[in-house]
A.B. asks: 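Let me give you the structure first, and then I'll get to my questions.
A quick note: this is a predicted structure, and the numbers were derived from the prediction, not measured. Numbers here simply count residues along the sequence, with the first being 1.
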Amino acid sequence: MIREQKIAVGSLEWFYREVTPTSSNNKPPVLLLHGLPSHSYTWRRVMENLEDKGFRAIAPDWIGSGFSAKPDKRDFAYTSAAYQKALGELIEALELDKVSLVVQGFLASVALQYAFTHADAIERLIILNTPLSPDVKLPWLMQQWSIPFMGDMVTQDPLLVDRTLEKGSGFVIEDKDLDIFRQPYLKSSAVGRALLTTTKNLKLSQTLKDIETEFSRWTVPTLILWGMADPWLSADIPEKLAANSSNVEMVKLEEAKHYPQEHWPKEVSEEMITFLRRQVV
């Protein structure tokens with residue numbers, strides 16, 4: 001059963017979802033990090049499947065997203081460095097000595113940078129449809145969020161999340177689920193302001209150059225689960241990574257798009273669980 005919890009870490013309050021199986025498989029907890037403009041609810045079905053197989057799983061809402069704190073940009077910079085620091089403090093507060101890290105989407109660059117600088121704390125890494133090359137640009141749908149005046153209006157529209165998730169996933173999302181994704185946007189204008197500031201401050205091109213360099217030194221076992229019909233991200237780079245790295249493998253989900261966990265949770269979960277259970281040779 002998924003439990004919803006909050007934890008204060010310094011001046012920031014994090015919201016997170018967690019499953020704790022009654023019979024543990026003694027594997028490290030699985031930490032699932034969402035992309036933009038989503039929140040931890042996107043992992044709901046994957047988390048239930050992980051729990052069934054004995055995995056503890058934790059999915060936080062990033063600061064500025066979902067039901068976590070949305071501080072003013074004077075109090076939280078919404079930069080890659082600020083996100084990495086906050087993530088490290090959350091992991092410490094939750095007393096997670098070692099985790100298997102799962103990332104997806106355009107905020108995953110932050111999580112990857114954290115992983116590269118804390119490799120000893122990462123048991124396994126799983127990447128779902130995430131930008132991995134400095135050639136990648138934000139899709140126009142997301143670029144609009146940081147354009148002066150336009151961004152101020154667009155990011156205050158609760159239907160922004162509907163349009164983005166359905167455009168990226170390529171399928172209709174049930175109204176009952178969209179209602180939950182929309183809730184933060186209906187409660188406060190702060191989530192829109194945080195999204196606007198994050199999009200402005202990510203500096204994706206430089207971040208992805210660093211990620212490309214770091215991947216050449218990365219030795220932690222890594223699984224890339226890729227929705228091959230993604231309208232925003234090509235499979236070329238992950239295919240090259242898997243072909244050229246002995247520690248990286250790739251599984252292709254031919255019909256899935258940018259958010260595979262939304263409409264292919266069974267397939268995503270099965271591949272994740274197989275990978276997480278495998279013994280390191």
Side-chain angles (χ1 to χ4, degrees), residues 27-36 62 79-88 90-92 96-139 142 198-199 201-228 230-253 256-261 268 271-272 274-281:
K27 297 287 187 181
V30 181
L31 183 64
L32 303 110
L33 299 176
H34 65 85
L36 299 173
W62 281 110
T79 60
S80 179
Y83 274 118
Q84 289 179 65
K85 181 176 182 290
L87 177 61
L90 172 66
I91 289 171
E92 183 178 352
L96 304 176
D97 297 327
K98 198 149 193 169
V99 299
S100 287
L101 183 64
V102 182
V103 302
Q104 185 274 326
F106 281 89
L107 200 51
S109 57
V110 171
L112 290 176
Q113 286 185 304
Y114 177 85
F116 292 145
T117 54
H118 298 82
D120 291 345
I122 309 299
E123 177 81 1
R124 306 282 171 100
L125 174 64
I126 301 177
I127 300 170
L128 285 73
N129 292 68
T130 288
L132 299 172
S133 164
D135 296 331
V136 170
K137 307 295 182 188
L138 279 172
M142 296 183 183
T198 296
T199 311
N201 292 352
L202 270 185
K203 301 190 184 305
L204 199 59
S205 179
Q206 182 56 54
T207 298
L208 292 174
K209 285 180 185 176
D210 296 340
I211 286 173
E212 189 175 54
T213 300
E214 290 297 332
F215 249 118
S216 65
R217 299 190 281 264
W218 182 247
T219 59
V220 172
T222 299
L223 171 66
I224 298 175
L225 271 173
W226 204 263
M228 298 298 287
D230 191 326
W232 297 328
L233 295 173
S234 164
D236 293 349
I237 298 303
E239 285 175 336
K240 288 177 184 175
L241 276 173
N244 297 327
S245 307
S246 60
N247 63 306
V248 179
E249 60 186 277
M250 182 174 180
V251 172
K252 300 177 182 180
L253 303 172
K257 297 192 178 184
H258 186 69
Y259 302 96
Q261 69 273 28
V268 166
E271 295 294 347
M272 284 175 54
T274 298
F275 175 71
L276 293 171
R277 281 176 162 175
R278 191 180 307 152
Q279 297 297 317
V280 176
V281 179

A.B. asks: Write down the atom of Leu101, the atom of Val103, and the distance for their closest heavy-atom approach.
C.D. replies: CG-CG1, 3.9 Å
A.B. asks: Does any non-hydrogen side-chain atom of Leu33 lie less than 4.5 Å from one of Leu107?
C.D. replies: no
A.B. asks: With rounding to the nearest 0.5 angstrom, report the CH2 to CE distance, Trp232 to Met142.
C.D. replies: 4.5 Å
A.B. asks: Check the surroundings of atom NZ in Lys85: do more than 12 heavy atoms from other residues, nucleotides or ligands lie under 6.0 Å from it?
C.D. replies: no
A.B. asks: Is a side-chain N or O of Thr207 found less than 3.5 angstrom from the main chain of Leu202, in a donor-acceptor match?
C.D. replies: yes
A.B. asks: Which pair of heavy atoms, one from Trp62 and one from Ala111, lies closest together, and at what distance?
C.D. replies: CZ2-CB, 4.3 Å
A.B. asks: Looking at every non-hydrogen atom in both residues, tell me the closest pair between Gln104 and His258 and how far apart they are.
C.D. replies: NE2-O, 2.8 Å
A.B. asks: At their closest point, which heavy atom of Pro28 faces which heavy atom of Ser100, and how far apart are they?
C.D. replies: CB-N, 4.4 Å
A.B. asks: Can you list the steps and then say if Thr199 with Leu138 is a side-chain contact (heavy atoms from CB on, under 4.5 Å)?
C.D. replies: CA-CA 9 Å; Thr199 311; Leu138 279 172; 3.6 Å; yes
A.B. asks: In Å and rounded to the nearest 0.5 Å, what is the OG1 to CD1 distance from Thr222 to Ile127?
C.D. replies: 6.0 Å
A.B. asks: How many angstroms lie between CD in Gln261 and CG in Leu253, if you round to the nearest 0.5 Å?
C.D. replies: 10.5 Å
A.B. asks: Could you grab the distance from atom CH2 of Trp218 to atom OG of Ser245, nearest 0.5 Å is fine?
C.D. replies: 12.0 Å
A.B. asks: Could you grab the distance from atom CZ of Arg124 to atom CG of Asn247, nearest 0.5 Å is fine?
C.D. replies: 11.0 Å
A.B. asks: Can you tell me if Gln113 and Thr117 form a side-chain donor-acceptor pair at under 3.5 Å?
C.D. replies: no
A.B. asks: Check for a donor-acceptor pair, side chain of Thr213 on one end and backbone N or O of Lys209 on the other, with a separation under 3.5 Å.
C.D. replies: yes
A.B. asks: For the atom pair CD (Glu123) and NZ (Lys98), what is the distance rounded to the nearest 0.5 Å?
C.D. replies: 5.0 Å
A.B. asks: Quick one, Val102 and Leu225 - any side-chain contact, counting heavy atoms below 4.5 Å?
C.D. replies: no
A.B. asks: Show the numbers, then the answer: is there a side-chain contact (heavy atoms from CB on, under 4.5 Å) between Glu239 and Met228?
C.D. replies: CA-CA 11 Å; Glu239 285 175 336; Met228 298 298 287; 3.8 Å; yes
A.B. asks: Contact between Val251 and Phe275 at the side-chain level, heavy atoms closer than 4.5 Å - yes or no?
C.D. replies: no
A.B. asks: Indicate the atoms forming the closest heavy-atom contact of Leu132 with Pro238, along with that distance.
C.D. replies: CD1-CB, 4.3 Å
A.B. asks: Show the numbers, then the answer: is there a side-chain contact (heavy atoms from CB on, under 4.5 Å) between Leu208 and Ser133?
C.D. replies: CA-CA 6 Å; Leu208 292 174; Ser133 164; 6.0 Å; no
A.B. asks: Counting distance only, does the side-chain N/O of Thr130 pair as donor-acceptor with the main-chain N or O of Leu128 below 3.5 Å?
C.D. replies: yes
A.B. asks: For residues Phe116 and Asp210, determine if any side-chain heavy atom of one lies less than 4.5 Å from a side-chain heavy atom of the other.
C.D. replies: no
A.B. asks: Quick one: does any side-chain atom of Asn129 pair with a main-chain N or O of Tyr259 as donor and acceptor, under 3.5 Å?
C.D. replies: no
A.B. asks: Is the closest side-chain heavy-atom distance between Phe106 and Thr198 below 4.5 Å?
C.D. replies: no
A.B. asks: Can you tell if the side chain of Lys203 reaches within under 4.5 Å of the side chain of Ser80, non-hydrogen atoms only?
C.D. replies: no
A.B. asks: How close do Met250 and Trp226 get, counting heavy atoms only, and between which atoms?
C.D. replies: CE-CB, 3.5 Å
A.B. asks: Would you check, one step at a time, whether the test side-chain contact (heavy atoms from CB on, under 4.5 Å) holds for Leu223 with Thr274?
C.D. replies: CA-CA 10 Å; Leu223 171 66; Thr274 298; over 6 Å; no
